[in-house]
Amino acid sequence: MTHHPPGTPAAPPTAGVPATGHGSAPAANGMGLVYLATAVSALGGMLFGYDIGVISGAILFIKKAFSLSAGLEEIVVSSVLLGSLIGAAGGGVLADRLGRRRLLIVTAAVFGLGAIGAALAPGTASLIAARVVAGAAIGAASFVAPLYISELAPAAIRGKLVSINQVALTSGIVVSYLVDYAFAPSHAWRWMFALAVVPAAAFGIGLLFVPNSPRWLVSRGHAGRARAVLGRIRAADQVAGELADIEHSLAQQKPHWSELASPLLRPAMIVGVGLAIAQQVTGINTVIYYAPTIFKFAGLSSAPAAILASVGVGVVNVALTLVAMQLIDRIGRRPLLLGSLAGMALSLAVLGVAFSLPHGSGSLGLIAVVSLMAYVGSFAIGLGPVFWLLLSEIYPLRIRSRAMSIGTFANWAANLIVAISFLTLTQVLGKPATFWLYGVVSIGAWLFAFFLVPETRGRSLEQIEAHWRAGKPPRAL
Ligand code: BGC
């Protein structure tokens, strides 16, 4: 029968879908190609991280070069988020029409265009336009990369493989901080943007050497080509069973839009959109975008100290995402998610306390740095990777990319709202109450996850779909 790696449960059969063994890892030779495809598409994640991180350092020089008002500065910074909304919205239909891999090739070109456009921008308007273009690539790649990886991955290690995208994303943020730091002395902000061309080219070229998603091929009626792809990435005795499962599952699905509105799939829609919003309204990007500002609030006023602390935050983000990647297929998505949200609520409570200490109190800076690190670490070990993973797992094939596009749109919209309201909140509510507010929201998100989020560990995508179709509650998976 099938072989299951230690610590990985066998996938039990779910209503309507027999366990054919594609929950187990394929022969080692096929895995090489799966890993290559994962690494290449994770470059999309890296560009996502790089492009959102790079502006934090570049803006200091752009502000001077283009004599930006505060209002224009905000627009330059948030234009990328606006673009990502466009990319998230448009990517759903395109991922079906063009296919996952071909859409990623298009985003690679758009990433490159955005980078060159920003680097050469003669003025503010063209810079904003270039950032919207880069944002569109980010919005699409943010969900199509996990989607593509998820559809290629063997169920037993799908969590690990999809999380590699989040590792690349967080690494991209750190790389952008370091690039900003390196170019800062020469005020070379144009180079900060231009460098993204390198990973964009590697991304586009790499995608030429990896296969199409076999699931997408089946959904377009190319079962023969899907069988050929499965033959390259699975052990020979697994191909027929996995293909049969995909076809069986697809045969029960209605056309796109009616399937999206199906009452049986409502729990999946609620989980996707709910987690998308939860991932943002618990405040992570206030730290990613404003870390130096927060450290300045806490009394770390020298620029090198604030930059160093920001790099520290970025490194903690990468390190704990790596830990999550190791655990996600062993202990499962739910324990990581619940532990993550609990840790975030707790560290936000402490962060609020730190800011309520009298100003100039010596321990404020230290407590703020430590609790901020704990907060980012808590996000990284759960909510960060688990959201994108679950989003790529919980929808039936026919609507997967469109439903993901809705969740991703909600994620970027919430991201934008948090980004533009954070500084105002700290002025209106005060700093302690702002962090406590995110803490209370984290508790709400914990309850949401506890009651509504399913455990998808070790299940094939087709088994997850069959679960919804059987009308069973999420937690019964
Ligand atoms: C989130 C981003 C965030 C990043 C930080 C991602 O999972 O979607 O909004 O900036 O994690 O690591």
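Both ligands and their constituent atoms are indexed starting at 1 by order of listing. Residues take their numbers from the sequence shown, with the count starting at 1. A quick note: this is a predicted structure, and the numbers were derived from the prediction, not measured.
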Practice problem: Enumerate the residue pairs fulfilling salt bridge (Lys or Arg N to Asp or Glu O under 4.0 Å) with a member in residues 401-422, sequence neighbours excluded, ordered by first and then second residue. | Solution: Asp96-Arg402
Quiz item: Counting heavy atoms not belonging to Arg97, are there more than 12 under 6.0 Å from its CZ?
Solution: no
Can you produce the list of protein nitrogen or oxygen atoms under 3.5 Å from a nitrogen or oxygen of ligand 1, alongside each distance?
unit_1: ligand 1; atom_1: 7 (O); unit_2: Gln166; atom_2: OE1; d: 3.0
unit_1: ligand 1; atom_1: 7 (O); unit_2: Gln166; atom_2: NE2; d: 3.1
unit_1: ligand 1; atom_1: 7 (O); unit_2: Gln279; atom_2: NE2; d: 2.8
unit_1: ligand 1; atom_1: 7 (O); unit_2: Trp388; atom_2: NE1; d: 3.0
unit_1: ligand 1; atom_1: 8 (O); unit_2: Gln279; atom_2: OE1; d: 2.9
unit_1: ligand 1; atom_1: 8 (O); unit_2: Trp388; atom_2: NE1; d: 3.1
unit_1: ligand 1; atom_1: 9 (O); unit_2: Gln280; atom_2: NE2; d: 2.9
unit_1: ligand 1; atom_1: 9 (O); unit_2: Asn285; atom_2: ND2; d: 2.8
unit_1: ligand 1; atom_1: 10 (O); unit_2: Asn285; atom_2: OD1; d: 2.6
unit_1: ligand 1; atom_1: 11 (O); unit_2: Gln166; atom_2: NE2; d: 3.1
unit_1: ligand 1; atom_1: 12 (O); unit_2: Asn317; atom_2: ND2; d: 2.9

Self-check item: Side chains of Tyr438 and Thr282 in contact at under 4.5 Å (non-hydrogen atoms)
Solution: no
Quiz item: In terms of ring plane angle, is the pair Phe183 and Trp191 parallel, tilted or perpendicular, where the classes change at 30° and 60°?
Solution: parallel
Quiz item: Taking atom types as modelled and ignoring hydrogens, do the side chains of Thr456 and Glu393 form a donor-acceptor contact shorter than 3.5 angstrom?
Solution: yes
Practice problem: Anything under 30° is parallel, anything over 60° is perpendicular, the rest tilted; go ahead and classify Phe435 against Phe355. | Solution: parallel
